[in-house]
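Here the structure is laid out as structure tokens; the discussion comes afterwards.
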Amino acid sequence: MCIQDNKTLTQHWHLLFDYTNNHQLWEDELVIYNPNHGDTHLSNIIADSALKSLQHKPCSGNELLHNLSTEMHLESSTQLTEPMIQLLLQLESQRLIKRISHHE
Amino acid sequence: MRISDLSFAEFSNRIQADTISLDIGLITLSIHTSLTPLIKNLYLLYGDYPLSESNFADIHLNLIRPKNIRRYFRSQVLLLLDEQPILNPMPPECALPLFEWGLNWCIVRILHHYLILHAAVVEKNGHGLIITAPSGSGKSTLCAGLINNGWRLLSDELAIIDANNIQLTPLPRPVGLKNQSITLIHELNSNNKLSTTAHNTGKGSVAFLKPEKQHIINANTSVKASIILFPQYHPEAKLALIAKSKGLSMMETIKNSFNYGILGQQGFQIMRNLIDQCQTYDYHYRHLEEATDHLETLVT
């Protein structure tokens with residue numbers, strides 16, 4: 001894991017939109033509407049877990065990983081680490097979540 | 001009173017001297033033109049539409065030949081909306097496609113209280129079928145084939161979805177056919193009434209199929225959206241109806257929507273309700289009759 005990946009997991013993230021009213025989950029497919037920018041994205045059930053957690057309160061990547069592992073009844077989160085990093089970077093690029101800087 | 005209750009001479013005199021106003025489902029359209037070939041085509045295609053009894057029209061269209069120097073060489077036709085030109089001018093022989101495409105353009109711009117998709121819509125046994133795809137996928141051909149099999153035409157180009165109840169609102173208009181489809185639909189049923197064919201339109205040769213009178217009479221009867229089909233015609237395709245996931249269906253339907261982005265969050269809510277209540281399929285086909293017969297299984 002590179003330094004950048006590590007930061008993605010250790011930094012805290014917060015949600016930039018109202019997730020509850022702007023998503024639709026069908027089996028393992030998640031459609032997300034970004035009301036701030038008008039974009040619609042197709043994602044997956046991992047994103048649903050992360051965004052639900054962030055709707056509740058800001059979380060670090062590691063916390064999101066832990067929550068997801070618990071939901072999926074996994075003993076280890078190792079296999080989910082890389083997908084979670086990719087997901088957080090993707091959600092950030094889609095302007096759905098933002099890193100909380102030290103100044104906030 | 002319907003347009004066909006007027007003689008052609010009465011219709012022609014009136015549309016040249018003043019305007020003809022007709023009711024097309026949700027909208028009232030007013031037309032003025034002096035282009036004789038277009039007048040003949042309009043009389044054929046719109047003969048069964050009711051003349052409007054109102055002085056108000058939602059859309060005022062006027063087709064003219066501009067009186068500039070080009071009228072002497074490579075003459076063109078302009079489509080005016082409220083006396084302002086819309087779309088690019090086209091040669092006189094393309095006046096009908098220009099009118100039909102311009103009318104679509106106008107409708108999309110005034111019906112923002114509905115979600116509008118680029119789609120054909122037909123109905124049988126209370127099942128509303130939305131056929132949505134980019135141009136050239138065989139959407140209109142399939143639509144014309146289904147009409148020939150007894151399905152009711154709601155619209156050939158625009159699926160108009162009511163935000164309140166996710167019902168499909170009819171807007172029956174002539175069905176646009178391109179290139180080989182023109183001959184195919186004529187051969188399918190010699191009773192089909194087609195306009196003259198316009199060549200070199202930018203989309204190839206184009207003709208329009210006259211809608212059935214009963215479908216126009218039923219233009220105020222909406223229907224529940226039940227099935228969304230994403231068709232793909234290919235000359236070597238094996239017939240296949242393949243269930244498509246809801247997420248992918250929603251993303252593809254968004255691509256085929258005219259005003260999803262304009263409606264914002266409301267558009268998202270209508271779209272997800274629409275996809276949620278519909279069965280969604282990819283449909284690959286080669287033979288029109290085989291394809292239309294197969295679709296009967298979805299509604300029986």
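Reminder, nothing fancy here: chain letters follow the sequence lines and each chain counts from 1. Bear in mind that the values here come from a model prediction, so they are computed numbers and not experimental data.
- Relative orientation of the Y33(A) and F268(B) rings is parallel, given thresholds of 30° and 60° on the angle between their planes.
- Within the 3.5 Å criterion, the main-chain N or O of N164(B) finds a donor-acceptor partner in the side chain of D162(B).
- Contact check on E63(A) versus K57(A) returns a salt bridge, with a Lys/Arg side-chain nitrogen under 4.0 Å from an Asp/Glu carboxylate oxygen.
- For the pair K52(A) and Y19(A), the NZ or CZ position fails the cation-pi test of under 6.0 Å to the six-membered ring centre and within 45 degrees of the ring normal.
- Across all non-hydrogen atoms, the minimal contact from N149(B) to K124(B) is O-NZ, 2.9 Å.
- Put simply, of I254(B), I275(B), D276(B), the one with the most heavy-atom pairs under 4.5 Å next to chain A is D276(B).
- For H23(A), the part lying near chain B is the backbone, with the side chain staying farther off; criterion is any non-hydrogen pair under 4.5 Å.
- Counting heavy-atom pairs closer than 4.5 Å to chain A, the top residue among Q269(B), K246(B), M250(B), M271(B) is K246(B).
- Salt-bridge check for R286(B) with E236(B): failed, with every basic side-chain N at 4.0 Å or more from each acidic carboxylate O.
- Identified by a heavy-atom distance below 4.5 Å to chain A, contributing residues of residues 111-119 of chain B are lacking entirely.
- Counting only N and O atoms by type, the side chains of T292(B) and Y285(B) include no donor and acceptor under 3.5 Å apart.
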